[in-house]
Amino acid sequence: MRVTLIPRSQGAGVVLVLAVIWFALFFGLGKLPLIQPDEGRNAEVAREMNGSGAWLSPSYDGITYLDKPAFYFKAVALSLAAFGDNETAARLPSALFALALLATAFAFCRHAYGTRCAMMSVMVIASMPLFVMMARTVIFDIALAFFESAAIFAGFLAEEREGKSRRNWYLLGALSAGLATLVKGPVGFLIPGLVLFVFNRVEGRRGVWKRFFAPLNLLVFFGVTLPWFIGLSLQHPDFPYYGLIEESIHRFTTASFHRTQPFYFYALIVAGLFLPWSLILPEAGVAAWKNKKAMLSADRLCLVWAVAIVVFFSLSKSKLPGYILTATVACGILVARFFERAMENPGSRPARIIFRAATALGVLGFLAAIVAIVLSPRMRSLAGPSGISPAAAAELGRHFTMSIVLLFVLSVLVLLLRFWRDPGLCFFIFAISPLLLFTVNFGTIEMAFNAKSARQLSETIPALPPGTTLVFLQCFPNGLPFYLERTATLITKDGTELGSNYILFRLENSPAWPANLVPLTNFDQYISQRKNPIYLLTSENNRPELNEIGIRPGDIQALKPPYLGVFLAAP
């Protein structure tokens with residue numbers, strides 16, 4: 001039995017691709033609350049930038065925040081200015097950068113392989129959980145991935161051409177690398193440079209780097225990056241050292257950023273967050289390596305790209321899943337090519353590998369369904385480790401029913417694919433499975449986000465009279481200033497609650513504290529000398545500090561656990 005789904009009719013293929021993109025990037029984009037810490041912090045930085053108009057030097061809680069360049073914050077700030085301070089507006093730039101990345105991958109694949117492979121590549125990339133997560137999060141990685149990928153594609157296409165066309169592609173690559181640098185610093189040009197260097201060595205090309213570092217290319221790159229770097233350095237003379245040494249070199253070579261993971265960390269990320277496509281990658285990678293001389297040049301680019309990214313960041317002392325986001329592009333193209341070969345010859349080795357992967361996916365689905373059945377009545381006991389209330393945990397367990405049914409249905413389908421032996425149908429099921437599970441579990445995901453977000457906390461805080469100062473005592477719920485649309489004064493020992501490496505660097509190297517930070521040793525004095533009413537927010541652990549300044553237990557309001565609030569009128 002054969003079913004050709006991609007594409008019997010090009011129009012039907014386009015509809016399928018657009019449906020995948022919609023559910024991956026835009027479905028319910030603003031319904032989930034901003035999750036702590038990254039989304040809440042980044043959205044607040046953008047909100048403050050929109051309000052102050054300080055486009056060069058971002059601030060967080062009114063304090064200079066130079067952990068990342070301002071480019072992405074500007075994009076989010078413009079979205080907030082256009083659509084208001086809400087979750088949809090905050091996440092829209094990430095979704096649009098993801099859409100631009102998919103469009104770029106489509107254009108490259110259409111040039112290198114044809115329309116069918118281009119559509120399949122987009123579907124594979126858009127259905128990878130890591131890509132979906134980053135595309136729907138207020139975070140830098142998806143914008144960085146777009147510009148890095150554009151630089152890599154441009155560098156590849158430049159070497160396929162001669163004369164003026166080659167020069168123009170290199171200029172586009174230099175521009176893209178410059179914009180990537182404005183998103184997240186030196187990694188923006190290091191990653192495209194690494195991939196293209198290794199790839200051109202594999203291809204045996206000579207003289208590439210003379211063309212790569214042509215004066216006009218450097219002029220474009222530095223024309224994009226230097227105005228920002230020089231302008232920011234003039235405003236903040238400590239930035240060159242922090243940005244180049246602390247944020248770049250020390251992040252890669254030391255464990256001071258507390259993101260150390262074992263060397264095999266990214267193998268686990270690929271296995272889990274590239275599902276279900278990761279079930280194909282091991283055998284497909286071995287087969288591709290054995291047949292590398294017969295591969296097209298674009299295939300070798302993607303193979304080098306995927307391996308170089310994973311190895312490079314595995315060597316880094318600081319590891320986060322989003323660092324290898326561009327590997328989803330390279331792996332997505334390779335997987336689409338693999339499926340295309342299998343669909344052309346259902347009896348080939350690629351087809352057999354895909355059928356084995358379908359069997360593995362069916363078994364995993366059954367196991368996941370069984371685990372969900374076992375856990376659903378026991379979720380209340382997991383309330384403590386998961387950080388949510390027992391009632392919310394029990395409700396979470398009741399949400400598992402639809403997931404269990406869907407997992408069983410998908411498992412049966414993919415196991416039957418081994419007997420139908422149709423690679424096109426396998427591709428269809430692989431592409432829609434993660435997005436179906438995401439859609440069906442949307443309510444469950446929302447509950448998990450609520451447990452890690454400040455939105456519900458903001459809803460428990462009463463309306464504050466005009467002129468009231470918001471004060472946080474030894475806590476800083478990221479995202480709360482965004483929801484309350486106001487900054488706060490933080491009472492702190494050392495500023496670690498803000499989660500900003502630059503602010504910590506500044507406090508360690510300057511005796512003067514920013515206005516919105518008050519040393520904990522001055523807490524009593526700050527309270528006694530206040531001139532405005534204060535709404536003081538702290539955690540349950542700090543209740544003794546409230547007792548020490550004479551606050552009666554009856555005046556303390558229990559907010560979303562573990563937070564407490566108390567209103568202190570002006571003296």
Side-chain angles (χ1 to χ4, degrees), residues 10 17 71 96-122 125 143-183 187-227 292-306 308-309 326-327 329-330 332-334 336-337 340:
Q10 188 164 316
V17 170
F71 182 94
L96 294 178
F97 277 120
L99 183 63
L101 177 52
L102 293 176
T104 303
F106 177 87
F108 175 80
C109 291
R110 188 178 183 185
H111 163 79
Y113 308 117
T115 300
R116 181 172 74 166
C117 184
M119 290 194 295
M120 293 171 65
S121 297
V122 167
I125 299 167
L144 177 68
F146 165 63
F147 289 119
E148 286 181 340
S149 300
I152 293 169
F153 288 142
F156 172 86
L157 293 172
E159 285 301 309
E160 287 194 333
R161 288 158 171 78
E162 298 289 343
K164 185 178 180 180
S165 179
R166 169 179 284 178
R167 184 198 66 190
N168 291 340
W169 278 110
Y170 268 128
L171 291 177
L172 180 59
L175 175 64
S176 299
L179 292 172
T181 304
L182 291 185
V183 172
V187 71
F189 65 83
L190 288 175
I191 293 305
L194 171 68
V195 171
L196 292 172
F197 172 77
V198 176
F199 169 69
N200 284 305
R201 289 297 299 268
V202 169
E203 295 292 281
R205 291 175 178 153
R206 297 183 180 276
V208 172
W209 293 107
K210 292 181 180 179
R211 298 187 289 274
F212 194 78
F213 290 109
L216 193 56
N217 296 342
L218 296 177
L219 181 64
V220 169
F221 176 80
F222 287 115
V224 170
T225 57
L226 279 184
K292 59 182 180 295
K293 292 184 178 180
M295 296 170 70
L296 296 179
S297 182
D299 295 331
R300 289 192 292 274
L301 169 71
C302 293
L303 185 60
V304 166
W305 183 351
I309 291 296
T326 62
V329 179
I333 295 172
L334 289 173
R337 287 280 290 155
E340 191 175 42

Point to revise | Minimum heavy-atom distance A105-I125, with the two atoms named | key: CB-CD1, 4.0 Å

Check your understanding: If you round to the nearest 0.5 Å, how far is CG of L196 from CG of L301?
Key -> 7.0 Å

Check your understanding: Considering the options R166, R167, R161, which one meets the side chain to side chain contact (heavy atoms under 4.5 Å, CB included) requirement together with K164?
Key -> R167

Study note, to complete from the structure: V329 and S149 have their tightest heavy-atom pair at CG2-OG, 4.0 Å

Practice item. With sequence neighbours excluded, tell me which residues meet side-chain hydrogen bond (donor to acceptor under 3.5 Å, both in side chains) with T181. Key: none

Check your understanding: Looking at side-chain heavy atoms only, is the closest gap between E160 and H111 below 4.5 Å?
Key -> yes

**Study point:** Minimum-distance pair of heavy atoms, taken over all atoms of F222 and P227
**Key:** O-CD, 3.6 Å

Study note, to complete from the structure: dist L303:CG -> I333:CD1 (nearest 0.5 Å) comes out at 12.0 Å

Study note, to complete from the structure: Heavy atoms of G178 and T225 approach each other most closely as O-CG2, 3.5 Å

Exercise for review: Apply side-chain hydrogen bond (donor to acceptor under 3.5 Å, both in side chains) to R201 and list each qualifying residue two or more places apart in sequence or on a separate chain.
Suggested key: none

Practice item. Tell me, with the steps shown, if E159 and R211 meet salt bridge (Lys or Arg N to Asp or Glu O under 4.0 Å). Key: CA-CA 9 Å; E159 285 301 309; R211 298 187 289 274; 2.8 Å; yes

Study note, to complete from the structure: Rounded to the nearest 0.5 angstrom, the OG1-CZ distance for T326 and F147 is 14.5 Å

Check your understanding: Would the F221 and F213 ring centres measure less than 6.0 Å apart?
Key -> no

**Study point:** Minimum heavy-atom distance S176-A151, with the two atoms named
**Key:** CB-N, 3.7 Å

Check your understanding: Out of curiosity, L226 CG to L219 CG, how far, rounded to the nearest 0.5 Å?
Key -> 10.0 Å

Exercise for review: First locate atom CE of M119, then atom CZ of F106, and finally report the distance between them rounded to the nearest 0.5 Å.
Suggested key: 6.5 Å

Check your understanding: In Å, rounded to the nearest 0.5 Å, how long is the span from OH of Y113 to OG1 of T115?
Key -> 14.0 Å

Practice item. Check L102 against V122 and note the closest heavy-atom contact, atom names and distance. Key: O-CG2, 3.6 Å

Review point. Which one of F153, F156, W305 satisfies the ring pair (Phe, Tyr, Trp, His ring centres under 6.0 Å) criterion with F199?
Key: F156

Point to revise | Partner residues of N217 under the side-chain hydrogen bond (donor to acceptor under 3.5 Å, both in side chains) criterion, sequence neighbours left out | key: none

